[in-house]
Amino acid sequence: MASPNQKQVYDEQLYKIRHSAAHIMAQAVLERFPEAKLAIGPPIKDGFYYDFDLGRDEEGKLKTFSPEDLEAIEKRMRQIIAGRYPFERRVVSAAEARELFKDQPYKLELIEGLEKGGTDEHGEPIEGPAEISIYKHDGFIDLCRGPHVEHTGQVPADAFKLLHVAGAYWRGDENRPMLQRIYGTAWKNKKQLKAYLNRLEEAKKRDHRKLGRELDLFSTNHEMVGGGLILWHPKGGLIRYLMEEHAKKMHLEGGYEFVYTPHIGRSVLWETSGHLDFYKENMYAPIEIDGQEYYLKPMNCPFHVQIYKSRVRSYRDLPIRMAEWGTVYRYERSGVLHGLTRVRGFTQDDAHLFCAPEQMPQEIDRVLNFSIRLLQDFGFQDFQLYLSTRPEKRVGEEAKWDAAEDALLEALKRSGHPYDIHEGDGAFYGPKIDIYVTDALERPWQLSTIQFDFNLPERFDLTYIGSDGQAHRPYMIHRALMGSMERFFGVLIEHYGGNFPVWLAPVQVKIIPITDAQKDYAFAVAEQLRNAGLRVEVDDSDSRMNAKIRNAQLEKIPYMLVLGAKELDANQVNVRLRNGQRLGAMAVEDFLALVQEALEKKIAI
RNA sequence: GCCCACAUAGCUCAGUAGGUAGAGCACAUUCUUGGUAAGAAUGAGGUCACCGGUUCGAGUCCGGUUGUGGGCUCCA
């Protein structure tokens with residue numbers, strides 16, 4: 001699936017540089033490992049990669065690249081670049097291509113795909129049969145559509161770097177051979193490379209797992225608790241409380257009604273919903289008691305459906321917007337767990353909309369705008385929207401798919417945000433809109449999802465009585481806007497780099513008395529600020545002021561109030577911001593006004 | 001689940017050719033009362049992830065297990 005992360009590189013020159021760098025790397029690898037089989041080596045966002053099959057050693061273990069190999073390969077690449085060998089393109093027949101690559105089984109498979117049409121040399125789908133072309137430089141030949149730079153010297157020797165080795169399946173299929181992939185990054189000049197490496201560094205500093213520990217926000221304990229299960233510490237818990245409080249308030253104002261449902265349900269529920277057929281491998285094993293099997297819920301939908309079904313519904317009741325902060329458990333494969341962003345137990349800001357067909361377009365508009373407003377409140381500015389349309393295997397009437405896709409598309413157009421369409425990428429039970437936000441480092445994250453469900457209304461036989469006195473099938477729309485509290489928190493931590501906006505900062509003000517003589521004054525000011533609703537701590541340790549400031553800085557507390565003899569005499573506070581800025585001495589009332597503004601505007605200083 | 005790498009104090013890491021463990025920070029006690037990012041002393045903290053093997057002897061070498069990290073696959 002194409003997320004924005006994997007999108008093609010649009011800059012023509014960068015594309016050529018990266019693609020050419022991949023070829024040069026393949027040449028260097030072949031020289032060092034003559035028996036290596038080449039797979040594919042495309043340019044990607046920020047760089048390129050190439051997949052190789054190095055075969056197996058005597059013990060049958062896959063041969064791999066060592067860090068020394070990478071160094072040697074990179075060194076050899078620079079020599080090839082210095083050689084300024086021209087890239088020469090030639091169109092060949094399928095037969096000739098097969099002869100050229102007779103020792104390269106993966107290339108032969110690609111040639112077959114090109115000949116038959118339908119896929120290009122990277123295995124990506126294309127229209128019709130493709131022209132088969134090869135590119136040659138310095139004796140190295142690769143099956144390739146191009147384009148490339150004119151000669152190897154045009155790949156800047158000081159603007160690329162091999163980053164790491166990873167395993168990757170041939171054609172992304174876990175049943176096919178595991179290949180060794182070398183990732184590299186390549187840019188037009190040294191400055192760009194440096195900027196990119198800096199961005200990687202910055203991303204590392206903002207890693208929510210690192211900040212989560214440093215700021216004492218959350219932890220996991222794989223030995224005692226289990227992987228993918230999050231322990232929210234007091235400071236993280238407070239932020240979550242504030243996030244939820246704000247979002248829930250918006251939901252109430254937006255016409256949602258809150259419900260609560262259990263964490264487990266009988267197997268018949270999950271049989272009826274179909275989850276035991278198509279989702280079982282992601283569910284925790286059943287709990288058996290009194291001869292009944294109960295499953296931990298992986299989703300809230302079936303429970304909400306039961307609430308809908310608890311009485312006869314009239315068209316006058318619709319739309320129903322049923323919301324729940326629902327905690328679900330999904331058995332994710334061990335290798336995919338990652339900090340807060342991929343976990344096994346999480347709480348969705350879940351809701352289900354039940355509406356009549358004529359209400360549906362309006363409901364879509366409404367929920368899309370609601371989502372964007374909510375995300376904007378958390379400091380996200382840039383949105384990329386994706387519509388995923390009907391896949392080949394699907395349930396539901398064509399007319400409903402038509403109407404739903406149409407409504408989603410129209411809502412996207414009206415939203416005013418950039419959007420794209422992923423043809424055939426919808427779930428089998430309905431089309432959907434996914435909203436990606438761009439964070440402070442311009443990385444995309446998927447948060448909101450708005451999905452039609454044509455499956456559950458049928459399976460549970462949902463109806464409402466229309467004005468004609470007849471039973472009708474309602475539309476059911478599933479939506480999670482923040483996604484999950486865990487994931488959203490992880491993204492938020494990285495977006496702000498731990499510098500939460502004042503309204504979310506667990507501690508908003510740290511009061512720093514310089515000597516014990518100001519302690520009483522410090523506690524008095526703290527009391528005054530607390531009464532105004534602020535979260536305040538007094539650092540009354542016997543550290544020096546410098547150390548207290550440093551600690552408050554490291555805790556990323558927005559405001560520090562330094563109180564010495566001068567402030568005590570003048571009945572003032574001396575304000576320092578966490579960005580190092582010093583606002584000087586002012587009356588407590590003036591400071592409060594300052595904070596009030598930051599709170600209202602939800603700004604991060 | 002698959003490929004690779006890694007696993008030493010709460011955290012970040014050292015541990016040189018195998019000879020029964022170190023630093024900084026954090027923590028505790030004491031001294032220090034100091035104007036915008038670290039004042040000082042002392043102390044407490046580890047069966048070197050776990051199991052097995054080689055060896056007179058294993059944090060160090062070998063195998064396995066578990067976990068973590070980077071990827072792949074998956075992500076209703």
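Source: prediction; values computed, not measured. Side chains included, hydrogens not; waters and symmetry mates left out as well; all remaining heavy atoms used.
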Answer with yes or no whether [X] presents, from its side chain, a donor or acceptor under 3.5 Å of a partner atom in the base of [N].
X	N	value
A/Glu567	B/G35	yes
A/Asn574	B/U36	yes
A/Tyr169	B/G71	no

A/Lys161 atom NZ: more than 12 heavy-atom contacts under 6.0 Å: no
[X] [atom1] to [N] [atom2], straight-line distance once rounded to whole Å:
X	N	atom1	atom2	answer
A/Trp170	B/U73	CH2	P	13 Å
A/Ile549	B/G39	CD1	C1'	15 Å
A/Lys205	B/U12	NZ	C1'	16 Å
A/Gln518	B/G35	CD	P	10 Å

Glycosidic conformation of B/G45, taking syn as within 90° of 0 and anti otherwise: syn
Below 4.0 Å: OP1/OP2 of B/G70 and any side-chain N or O of A/His338: yes
Below 4.0 Å: OP1/OP2 of B/C72 and any side-chain N or O of A/Tyr183: yes
Which is true for [X] with a 4.0 Å heavy-atom rule: it touches a base, it touches only sugar-phosphate, or it touches nothing?
X	result
A/Asn282	nothing
A/Gly335	base
A/His478	nothing
A/Ala168	sugar-phosphate

Inspect the contact between [Y] and [X] and indicate whether a charged nitrogen and a carboxylate oxygen are less than 4.0 angstrom apart.
X	Y	answer
A/Arg176	A/Glu109	yes
A/Arg181	A/Asp51	yes
A/Arg209	A/Asp207	yes
A/Glu494	A/Arg206	no
A/Arg321	A/Glu363	yes

To the side chain of [X], which of [options] is closest?
X	options	result
A/Ala166	B/G35, B/G70, B/G1	B/G70
A/His164	B/G70, B/U36, B/A38	B/G70
A/Arg333	B/G1, B/A38, B/C72	B/G1
A/Val562	B/C3, B/G35, B/C74	B/G35
A/His222	B/U68, B/C72, B/G35	B/U68
A/Arg342	B/C72, B/C74, B/A38	B/C74
A/Gln553	B/A37, B/G1, B/U36	B/A37

Parallel, tilted or perpendicular, judged at 30° and 60°: which one describes the rings of [X] and [Y]?
X	Y	answer
A/Phe489	A/Phe218	perpendicular
A/His275	A/Tyr279	perpendicular
A/His422	A/Tyr386	parallel

Tell me the partner of [N], counting only Watson-Crick (N1-N3 plus N6-O4 or O6-N4) or G-U wobble (N1-O2 and O6-N3) with both under 3.5 Å; none if nothing fits.
N	result
B/A28	B/U42
B/U20	none
B/G69	B/C4
B/G59	none
B/C74	none

Nearest heavy-atom neighbours spanning A/Arg473 and A/Leu462: NH1-O, 2.8 Å
For the student: nearest non-hydrogen atoms of A/Glu405 and A/Arg390, plus distance: OE2-N, 2.9 Å
Contact letters for nucleotides 23-34 of chain B, in which S counts primed atoms plus P, OP1 and OP2 and B counts the base, heavy atoms under 4.0 Å: --------BBBB
Which residue lies more 5' along RNA chain B, comparing A/Gly339 with A/His275 via nearest heavy atoms: A/Gly339
Can you tell me how far [atom1] in [N] sits from the matching atom in [M], rounded to whole Å?
N	M	atom1	answer
B/C48	B/A9	P	10 Å
B/G45	B/U29	P	16 Å
B/U16	B/G22	C1'	13 Å
B/C11	B/U68	C1'	16 Å
B/G64	B/C3	P	12 Å
B/A21	B/A38	P	36 Å
B/G67	B/C25	P	35 Å
B/G46	B/A40	P	26 Å

Residue list, side chain to side chain contact (heavy atoms under 4.5 Å, CB included) with A/Arg342, at least two apart or on another chain: A/Glu332, A/Val336, A/His338
Sub-4.0 Å heavy-atom contacts from residues 208-217 of chain A onto RNA chain B, ordered by number: A/Arg209, A/Arg213
